[in-house]
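Within every chain, numbering begins at 1; the chains are lettered A, B, ... in the order of the sequence lines, protein sequences first and strands thereafter.
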Amino acid sequence: MDECQSANQYARELLAWYDKHHRPLPWRQNINIYHTWVCEVMSQQTTLAVVIPKFSEFVKQLPTVYDLATCDEDTLRQLWSGLGYYARARNLKKGAVFIVEHLKGRFPQSYNEWLKIPGCGLYTAAVIASICFHEKVACVDGNVTRVVSRLLALSKDVWSSSGQAVIRDFANSIISAERPGDFNQAMMELGATVCRKTKPLCLLCPLRSQCLAFEKNCTELCPPQKPRRDAVDVELFALIVWRKPTDTIALAERTKGFLANTVGFPLMSKLEVLEVKTALKSREQLQLVELPGAFTHNITHHRISGKALVVRVVEDSNNAAVEDFWQILGLPQPFYWIANQAIATKLSTSLDKKVVKLFHNTLSCYAQ
DNA sequence: CAACCGTGGCG
DNA sequence: TCGCCAAGGTT
């Protein structure tokens with residue numbers, strides 16, 4: 001029963017600290033399964049400061065799982081704009097549709113059931129199950145990994161799947177049976193505010209007396225740095241197909257490469273730009289202009305230097321020429337004509353917003 | 001299992 | 001300014 005005693009001590013100290021010091025996050029006001037699900041998916045791989053306003057707007061516009069399941073894609077994109085990893089938003093909606101269509105709108109009630117929901121992995125299922133259903137299952141995120149690796153003075157291999165299993169097993173061995181949800185949130189809160197990656201505030205830590213890394217004075221080595229890919233430079237071109245007479249612009253659902261499955265300007269390599277130029281030689285009604293200026297944009301480990309090309313459709317009567325051109329180049333389908341004035345409200349990704357800014361800057365230059 | 005994917009904020 | 005990073009999941 002030694003193990004039980006010490007486990008209780010971890011949880012007891014941690015929860016006492018949490019009760020006193022936790023931050024008042026909007027989704028903690030009162031427990032709501034839908035809110036918990038949305039905020040946890042939103043919070044994946046991002047920072048809470050960014051999530052908080054986005055979360056509030058999201059649940060204001062889509063207050064229930066029914067609203068999410070039936071919302072249009074454009075609304076979803078706008079609500080997710082700025083959060084990145086758009087597959088999370090698509091999966092969230094997929095999950096809502098699944099819950100409405102196959103579960104009669106009744107949320108899954110357990111860890112194992114939540115694991116079946118799209119975009120819901122070990123972490124998210126554990127958080128939801130513990131907070132909403134008091135299931136005794138520990139979540140493991142970057143914070144929990146850091147806290148546990150220090151408690152146990154683990155200075156290597158905590159990020160691999162086997163290492164994560166070790167972290168998870170330990171967290172499960174000390175989780176509070178009475179308040180599993182608060183325990184999980186407390187571990188993350190401790191990692192975020194006290195047991196920080198750099199300059200941890202050990203003197204304020206409720207688990208200090210049980211922390212091996214503190215005892216050995218090796219918190220800087222625990223956990224080891226996450227392995228990262230080397231940065232890669234990429235040159236990218238965005239295609240702005242512009243029907244000048246009607247002042248409309250083509251946006252497409254990109255199907256591959258960067259920002260796949262999002263709507264915006266077709267993106268291409270320098271090589272593909274050459275194909276565009278060749279295709280345009282025999283089409284006098286389409287004029288190609290490279291916009292002055294450039295933009296930079298990072299996507300994971302890619303350092304993108306981008307330029308924008310305008311394909312100007314001179315005569316509006318010639319819609320067929322564009323269709324033809326689009327198909328020959330294998331540009332992403334389907335594509336839509338959007339009024340130039342409304343274009344900013346239709347774009348969701350940060351990269352597309354940079355592109356359109358370049359375009360509008362140029363237009364205003366010519367107007368003067 | 002390693003690689004992949006977006007973004008805004010911060011030191 | 002710029003590299004690093006943050007409440008992961010999918011393939």
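- With both ends at atom C1', the span from dA7(C) to dA3(B) equals 22 Å, rounded to whole Å.
- One finds a side-chain N or O of Ser350(A) lying less than 4.0 angstrom from the OP1 or OP2 phosphate oxygen of dG8(B).
- As judged by a 4.0 angstrom heavy-atom cut-off over every strand, Cys120(A) is placed among residues touching the sugar-phosphate backbone only.
- The distance from atom CG of Leu83(A) to atom C1' of dT7(B) is 8 Å, rounded to the nearest whole Å.
- Straight-line distance from the NE2 atom of His297(A) to the P atom of dG9(B): 14 Å, rounded to whole Å.
- Atom CD in Gln45(A) sits about 5 Å away from atom P in dG8(C), given to the nearest Å.
- Closest to the side chain of Lys197(A), out of dC4(B), dC5(C), dG6(B), is dC5(C).
- If you check dC5(B), dT7(B), dA7(C) against the side chain of Asn298(A), the one that comes closest is dT7(B).
- In this structure, the NE2 atom of His301(A) is 16 Å from the C1' atom of dT7(B), given to the nearest Å.
- Looking at which nucleotide of DNA chain C each of Pro118(A) and Leu48(A) is closest to, the 5′-most match is held by Leu48(A).
- Remark on DNA chain B: of its neighbouring residues Ala260(A) and Ala49(A), the 5'-side contact belongs to Ala260(A), judged by nearest-heavy-atom nucleotide.
- Summarising the geometry, the separation between CZ on Phe258(A) and C1' on dG6(B) is reported as 11 Å, rounded to the nearest angstrom.
- Atoms CD and CG, from Glu135(A) and Asn112(A) in turn, are 7.0 Å apart once rounded to the nearest 0.5 Å.
- Separation of the C1' atoms belonging to dC5(C) and dC5(B) is 15 Å when rounded to the nearest angstrom.
- Between Lys199(A) atom NZ and dG11(B) atom C1' the separation is 8 Å, expressed in whole Å.
- Checked for salt-bridge contact, Glu113(A) and Arg106(A) miss the test: no charged N lies under 4.0 Å from a carboxylate O.
- Taking every heavy atom of both residues into account, Pro118(A) and Gly95(A) meet most closely at CD-CA, 3.9 Å.
- At a threshold of 4.0 angstrom between heavy atoms, the contacts of Asn184(A) with the nucleic acid are absent.
- Comment: Arg90(A) does not engage Glu73(A) in a salt bridge, judged by the lack of any side-chain N to carboxylate O separation of less than 4.0 angstrom.
- Taking the C1' atoms as reference points, dT1(C) lies 16 Å from dG8(B), given to the whole Å.
- Each of Lys353(A) and Ser160(A) was matched to the nucleotide of DNA chain B holding its nearest heavy atom; the match closer to the 5' end belongs to Ser160(A).
- Side-chain proximity of Arg146(A) to dA6(C), dC5(B), dG8(C): nearest is dA6(C).
- In this structure, Lys353(A) places its NZ atom where more than 12 heavy-atom neighbours from other residues, nucleotides or ligands lie under 6.0 Å away.
- Distance Ile52(A) CD1 to dA6(C) P: 17 Å, rounded to the nearest Å.
- Considering only side-chain N and O atoms, Thr124(A) lies under 4.0 angstrom from the phosphate OP1 or OP2 of dG9(C).
- Distance Lys256(A) NZ to dC4(B) C1': 17 Å, rounded to the nearest Å.
- When heavy atoms are screened at a 4.0 angstrom cut-off, Ser161(A) is found touching the sugar-phosphate backbone but no base atom.
- Nucleic acid contact for Thr198(A): none, since no nucleic acid atom lies under 4.0 Å from a heavy atom of the residue.
- Across all strands shown, Arg77(A) has no heavy atoms under 4.0 Å from either base or sugar-phosphate atoms.
- Thr300(A) has a side-chain polar atom (N or O) that falls below the 4.0 Å cut-off from OP1 or OP2 of dC5(B).
- If you check every strand for non-hydrogen atoms under 4.0 Å, Gly84(A) touches a base.
- Of the candidates dC5(C), dA6(C), dA3(B), the closest approach to any side-chain atom of Gln225(A) belongs to dC5(C).
- By the 4.0 Å N-to-carboxylate-O rule, Asp19(A) lies close enough to Arg179(A) to be salt-bridged with it.
- Between Tyr86(A) and dT7(B) there is a side-chain polar atom (N or O) within less than 4.0 angstrom of OP1 or OP2.
- For Arg228(A), the listed nucleotide lying nearest its side chain is dC5(C); candidates were dC5(C), dG6(B), dA7(C).
- Neither OP1 nor OP2 of dG6(B) sits under 4.0 Å from any side-chain N or O of Gln44(A).
- Remark: Asp72(A) CG is packed, more than 12 non-hydrogen atoms of other residues, nucleotides or ligands lying under 6.0 Å away.
- Not one side-chain nitrogen or oxygen of Arg88(A) sits closer than 4.0 Å to the OP1 or OP2 atom of dG9(C).
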